[in-house]
Amino acid sequence: MKSVRRILWVLVGIVAFGVTGWAASETGPRTVSGFANETIDEHMLIDQYDGPATCVACHEEEAREMFGSVHYQWSGSTPNVPDISGPAGKGDRGFNTYCGTVVSSRRISCWGCHVGNGKAPSTQATAEQLNNIDCMMCHQPLYERKARGPFETLTYTGFDGVSRSWELPVEDAEGNFQFEPDLVKMGIDILTAARTVGKPTRAACLRCHAYAAGSDCGKRGDLSEASADAPADADVHLAPLGADLTCQSCHRSEDHRVLGRGLDLRPNDRPERLTCMTIGCHEDPPHDSSRINRHTARVACQSCHIPEYATLATTEMARVWETPVYYSGLLGGQGGFKPEEIREGNVLPTYRWYNGTSRVYALGQVAQAGTTGAYELGLPYGGVDSLTAQIHPMKEHVSTSGLHDATGQLIPQSTFTYFVTGDFDRAVQDGMTFAGLSGEWQTVDVHTYQTINHGVEPSENALGCGACHTDFSDGDPVCMDLKGDLGYQLKGPTAQICIQCHEFESAARIRKNPP
Amino acid sequence: MNLNQPREFEKTHHKHVTDKRLDCSWCHGFTRPERGLDTQVTPDIRANGEDGPITVSRDTAVSITVALDPGRLSGTMMDWWVAADTPTPRPRDGMNGMPMCTLQVGSPAFI
């Protein structure tokens, strides 16, 4: 089946590229990328949709591939995070500066984007597990879903003393519940949806990846819902009037294992490093100018070609758990509390060395504070003296977490408890219960770096010499501290360095060519 | 020379890196081997073949080797000195009176 399908996809690709730019019509799904969801003959034979099992009946091999992926397990091997041994990921040991973790909350709170159809992933590829892989999450951009009953009514008293109730799906001891298609939101019937599945479009990927941390562009900073239809001056790669690439044009997928990892992530589906050169899109050296090419071994393309991020939507720079804000859209539109988000747009990146590996906090580890006193949850490895590191643009995000005094671990506060109470202390207490911790804890600052990779602007917008080098900035401030943060300072006073070859009389007077 | 003056750093950098082809390690705490520049002459001092601390018994002989790669200074006549700083009286086996050495590529000087 797979080989047949691959042949078909070649044909579909040819047809689809022929209709690039075809937008919403009355007769078919909206096209937002180079791959339209054209129908495939075999898919037209589908006469009933019974959930993911309908797809798996013909695509069991693909389901087995997907079963072992990070997208399904929300965990995986961590070859580029040397401080974590064994598998880790969002679904088990993940903990970040945004939402904390998903593991200490009711699963309906945080697993809305999981490609599972409601059941928690297991390690055994049983028929029940394979039929839990919700293919349409990635392969049908118009697909929407909602929790299916039975429901239970839960009442909580918030930080403000007010009692509120929610109707939530019943979860069993493992957190299992069930999703079902939300036909009202989809706008097409489920049979049409099943018959018109296709390779993931930008919109399909961004439905989850643009909304990481719970809001458009909130977490990634360089990806928003608007990235699916970006103007060419904001993203030359994804723009329909630019290169019109799909996400998988760079994030190459092989056996449903996707290339690429932001430094704040733990697992890799594929261990190789994704760069503009390694995937064969750009030559090395990439420029006509040898002067510019001298930089490329040590400066990532993104540093010059993404001069700012959050250009299409604002992004969250800080999260204040102590200030609950009521949002009506939470928990399936029933409302709830989120921490206050401090957001910014058109943000200038921070620049740090990055060699493709990083230190990322995992639950159960002793947290380590950085030089500012904040506990570092995502820190790039590499420096001016590493052979494989490059200067890379980054987003920084700060927040607070509970630190357990006795163990030095960060406490996996319950996001669900916060949603329904707005009370950070209670969320931490519930997190301690979940983790089997007791005793004293304190609130500490946490910080992370995140790589900025999307939003490459046209070459005429690239940073010039004066953006980084004070010698060429005409007195204007530069965007990076080469001699401080990035390690380019002299290794000693000029009085010591210059006398290696010269007679040094003063900083202003050095004799050339001593006898 | 004030390296903080506009363009002064660039001029100095250009003269040393582009014209004289000196590696970054002459002035900075890092190197750029991929550029094929001239690196500093750095001695390699070993005790019994080890480049870290060693512990030996009272009657065990200790062999100290000092080597260097002359790099761009190959063929240049120069003095070089080795100093020993020990908590015990100075070794008796001739640590002073170093000979003049001619530095040659491929045959680093030994003491």
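Throughout, a chain's letter reflects where its sequence line sits, starting with A, and its residues are numbered from 1.
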### Query
Where is the tightest heavy-atom contact between Gln500(A) and Trp26(B), given as atom of each residue plus distance?
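Scanning both residues completely, I find the closest heavy atoms to be NE2-O, 2.8 Å.
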### Message
Give me the atom names and distance for the closest heavy-atom approach of His28(B) to Gln489(A).
### Response
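Nearest pair, atom of His28(B) first, then Gln489(A): ND1-O, 3.1 Å.
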### Query
Between His16(B) and chain A, which part of the residue has a heavy atom less than 4.5 Å away: side chain, backbone, both or neither?
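Answer is side chain: those atoms of His16(B) sit under 4.5 Å from chain A.
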Using a 3.5 Å cut-off and no angle test, enumerate the donor-acceptor pairs between side-chain atoms of residues 380-387 of chain A and protein atoms at least two apart in sequence or in another chain.
residue: Tyr381(A); atom: OH; partner: Asp83(A); partner atom: OD1; Å: 3.4
residue: Tyr381(A); atom: OH; partner: Asp83(A); partner atom: OD2; Å: 2.5
residue: Ser386(A); atom: OG; partner: Gly383(A); partner atom: N; Å: 2.6
residue: Ser386(A); atom: OG; partner: Gly383(A); partner atom: O; Å: 2.9

### Separation of Arg294(A) CZ from Arg32(B) CZ (nearest 0.5 Å)
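Interatomic distance, Arg32(B) CZ to Arg294(A) CZ, rounded to 0.5 Å: 13.0 Å.
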### Query
How long is the gap from CZ on Arg298(A) to CZ on Phe30(B), to the nearest 0.5 Å?
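Nearest 0.5 Å value for the CZ-CZ distance: 8.5 Å.
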### Task
State whether the number of non-hydrogen atoms from other residues, nucleotides or ligands found under 6.0 Å of Asp19(B) atom CG is greater than 12.
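Yes, enclosed.
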### Query
Under 3.5 Å, side chain of Glu34(B) to main-chain N/O of Ala297(A), donor-acceptor pair present?
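Such a contact is absent between Glu34(B) side chain and Ala297(A) backbone.
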### Task
Tell me, out of Cys27(B), Ser25(B), Pro33(B), Gly29(B), who's got the most heavy-atom pairs with chain A below 4.5 Å.
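The candidate making the most pairs under 4.5 Å is Cys27(B).
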